[in-house]
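Below is one structure, written out as structure tokens, with a few remarks after it.
Treat the numbers as computed from the prediction; the structure is a model and nothing was measured. The chains referred to below are lettered A, B, ... by the order of the sequence lines, with proteins before strands, and numbering in each begins at 1.
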Amino acid sequence: MNRYSVAIHDLPAETIESEALTAQDALKRLNVKALDRIVAVRINGESRDLSTLLEKEARLEPIYLDSEEGLQILRHSTSHVMALAVKELFPGVKVTIGPAIEDGFYYDFDYERPFREEDLPRIEEKMWEIIREDLPFIRKVVPVKDAVAFFEKESEEYKLELLRDISTEADTVSLYTQGSFTDLCRGPHIPSTGMIRAFSLTKVAGAYWRGDEKRPMLSRIYGVAFADKKSLRAHLKRLEEARKRNHAKLGPQLGLFSTHDEIGAGMVVWHPKGMMLRYQLEQFEIKEHLRRGYEMVRGPEILKTDLWIKSGHFDNYRENMYFTTIDEQSYGIKPMNCLSHMLIYSSKIRSYRDLPKRYFELGTVHRHERSGVLHGLLRVREFTQDDAHILCTPEQLNGEIKGVLEFVEDVMSIFGFPYELEISTRPEKSIGSDEDWELATSALMNAMQDSGLQYTVNEGDGAFYGPKIDVKLKDALGRSWQCATIQCDFTLPERFDLVYIDRDGMKHRPVMIHRVILGAIERFVGILIEHYAGAFPVWLAPVQAMILTVTDRCIPRATEVMKILREADVRVEGDFRNEKLGLKVREAQLQKIPYMLIMGDRESEKGGVTPRLRSGENLPFMTPQEFVERIEEDLKQRR
RNA sequence: GCCAGCGUAGCUCAGUCGGCAGAGCAACUGAUUUGUAAUCAGUGGGUCGGGGGUUCGAUUCCCUUCGCUGGCUCCA
């Protein structure tokens, strides 16, 4: 008989006498509540299986099914169950990896043919069988060489490859077995398959082995899993709601834009309402840039290929560019705006007193994105950036980066977007010296630290000319999209021999910051549509108010009111059709117009309107002048 | 670019195991002059994404191409 000293959380340790003691036994003996909802346990701070044998002293923290960590373990275990089901249904399939992800899990397989959606119901059915069998997850720690022998016998070459990597840093590995399936896995797992109560296989997809497009394409099956059926249903419901915000659907319905097979993939046609929305955004941007000391500039959309060779774009970015020939001279259509801006800078001698120069351009660029990545407005081949290039002295760099970070914060808070910051370091394909990259990278990090901002690091994901800070926003389905970006560049000023005369009378090299705030207007509009579900605030709404007449008798006065409002810069339209008010309200509502201005006989007589809000709320009767004041207040508050 | 799925009227979708292509809404015309999310009636509208093949016959089967969706890879 052994004596164990076990503490739950920070409670005083208790003594348990037993031959051997698993974590689960200990929790039971110490009367921990809701044992059936505990999936795993932290032993002295480390996540472990419930079946783990305890040492003489242990501090235990149960991990509950519905906690963040508990769900993650549940999802991971569900992926193992799926792998078992797939192995039973499709003999010869090879397993690779199957982690938990947000809301669910996936598992990548190599099979003689890719899986299809129609395979999923069968797999789900099999999984439920496995769950009903309530198979335990059995952990076994073995020497790497035994694991190698095992997976060789099973011909699981992907597992062998993983083992080869692991073997450089560990002598033993853990294996988990449920029924006939044994997987290489760190764990922990739920105690047995019966604990899975709510999951659904959602989609199939191709995925390269280890994310490398030069390696085999595997067949991935995605699923979602939750603690109970109710949470699963709620999740599916949320997805449904998110789909209703789909900008690719809402945009054309609201008359904002369209795309056309006959024009080409990744090209957007902007309709009057969409163009008005863009115009509002652009006016806002111009104003915000001017007040921060930027100067507006503009360059041509095609520039000689020689210049792209000089800048390094030809060597590093050619596959994303379009080229054309004019008078036997090769030209490249611009994928970025920086070249003209540098030529503006170098068009005269600059003194340190002139710096920083901040050149701003709403620049339209073309990039040849691979066909499979195109996605509504969020990924297109022609788009307009709110682009600027800041040329400054090395001493000014930190302050300029902080200024841009503040700019980003100001703008994002106006739209009410939460965002995430990410710093990307030197990629394989790049130009410039190691010292410059080091300098630029630390400049970006220091600026973020000085501003007290949280960020993550994305190794090797920088632009070819410099490291960058990316600002990521989320679409309705929670996918992240890069919008603002701040890129630090010592290389292009070098290649274009940009200089300024410093106090010492000598030529010095300026640093260049490439930056966008909204990013691409197209992408930003896409995110905006999903963010507001198409119901734009008054300051952005293409149509701010729609006058709805009740009868034809009201048309003359309605026409007058419309004129007054238009003269006061209200974006107003009229629905004077011979239709019932209910129909007009419905249609204005579907167009998500902020104000419906009702004009019947009562209003005509008094020469005003009764506004109805999108929410359904009615405002009291008001004169056109009072309504204009209300709109002006909305604009001021950016409502 | 790769894997899977999808493309029928302006929109949402039926449909044909190969035999003249359908509904609702929208549009148009007429009636109705209407008070806060759909007034009634009538009419028109599609070479079933494009091209090729198989077949007596293809929207349906096959190939190819364009586009879209979800992933992978890549990036604003």
For this session: Could you check which of rC72(B), rG35(B), rG67(B) has an atom nearest any side-chain atom of Glu603(A)?
Result: rG35(B)

Exercise. Are the charged groups of Arg215(A) and Glu161(A) less than 4.0 angstrom apart, N to O?
Worked result: yes

Problem set entry | Distance below 4.0 Å between Lys468(A) side-chain N/O and rA76(B) OP1 or OP2 | yes

Exercise. In terms of side-chain geometry, is the basic nitrogen of Glu522(A) or Arg278(A) positioned less than 4.0 Å from the acidic oxygen of its partner?
Worked result: yes

Exercise. Looking only at side-chain N and O atoms, does Gln253(A) come under 4.0 Å of OP1 or OP2 in rU12(B)?
Worked result: no

Exercise. Quick one: Leu590(A) CG to rU36(B) C1', roughly how many Å, whole number?
Worked result: 14 Å

Problem set entry | Whole-Å P distance, rG18(B) and rC28(B) | 40 Å

For this session: For the pair Glu102(A) and Lys474(A), find out whether any cationic side-chain nitrogen is under 4.0 Å from an anionic carboxylate oxygen.
Result: no

Exercise. At what distance, to the nearest 0.5 angstrom, does CG of Leu477(A) lie from CD of Glu530(A)?
Worked result: 7.0 Å

Exercise. Which nucleotide, rA76(B), rG35(B), rG1(B), lies nearest any side-chain atom of Arg523(A)?
Worked result: rA76(B)

Exercise. Between the base of rG71(B) and the side chain of Tyr208(A), is there a donor-acceptor distance below 3.5 Å?
Worked result: no

Problem set entry | Touch class at under 4.0 angstrom, heavy-atom based, for Asn618(A) against every strand present | base

Problem set entry | Nucleotide nearest Lys249(A) (side chain, heavy atoms from C-beta), chosen from rG35(B), rG7(B), rU12(B) | rU12(B)

Exercise. To the side chain of Arg479(A), which of rG1(B), rG71(B), rU36(B) is closest?
Worked result: rG71(B)

Seminar exercise, completed: Quick note, Lys580(A) side chain, CB onward, closest among rA76(B), rU39(B), rC72(B) is rU39(B)

Problem set entry | Check: Arg586(A) side chain, rU36(B) base, donor-acceptor under 3.5 Å | no

For this session: Would you classify Gly582(A) as touching base, sugar-phosphate or nothing, given that sugar-phosphate means primed atoms plus P, OP1 and OP2, and contacts are heavy atoms under 4.0 Å?
Result: sugar-phosphate

Problem set entry | P atoms of rC74(B) and rG67(B), separation to the nearest Å | 23 Å

Exercise. The side chain of Gln589(A) lies closest to which of these nucleotides: rU36(B), rG70(B), rA37(B)?
Worked result: rA37(B)

For this session: Provide the distance between the two P atoms, one in rU43(B) and one in rG22(B), to the nearest whole Å.
Result: 15 Å

Exercise. Taking only N and O in the side chain of Lys472(A), is any of them less than 4.0 Å away from OP1 or OP2 of rA76(B)?
Worked result: no

Seminar exercise, completed: Checking rG35(B), rC2(B), rG7(B) against the side chain of Asp261(A) (C-beta onward), the nearest is rG7(B)

Problem set entry | Phosphate OP1/OP2 of rG70(B): any His375(A) side-chain N/O under 4.0 Å | yes

For this session: Would you please confirm or rule out a distance under 4.0 Å between OP1 or OP2 of rA37(B) and any side-chain N or O of Arg612(A)?
Result: yes

Problem set entry | Under 3.5 Å donor-acceptor pair, Arg116(A) side-chain atoms to rC3(B) base atoms | no

For this session: Please measure how far the P atom in rG52(B) lies from the corresponding atom in rA58(B), and state the result in whole Å.
Result: 12 Å

Exercise. Would you call Lys334(A)-Asp387(A) a salt bridge at under 4.0 Å N-O?
Worked result: no

Exercise. Once you round it to whole Å, what is the distance between C1' of rC6(B) and CG of Leu374(A)?
Worked result: 17 Å

Exercise. Any side-chain N or O of Gln482(A) under 4.0 Å from OP1/OP2 of rA76(B)?
Worked result: yes

Exercise. What nucleotide among rG35(B), rA76(B), rU73(B) has an atom nearest to a side-chain atom of Arg370(A)?
Worked result: rU73(B)

For this session: Choose from rG1(B), rU33(B), rC68(B) the nucleotide whose nearest atom is closest to any side-chain atom of Ala265(A).
Result: rC68(B)

For this session: Could you state the atom-to-atom distance from NZ of Lys429(A) to P of rU73(B) in whole Å?
Result: 19 Å

Seminar exercise, completed: Atom CG of Asp575(A) and atom C1' of rG35(B) are separated, to the nearest Å, by 14 Å

Problem set entry | Interatomic distance where CG belongs to Leu583(A) and P belongs to rU33(B) [whole Å] | 17 Å

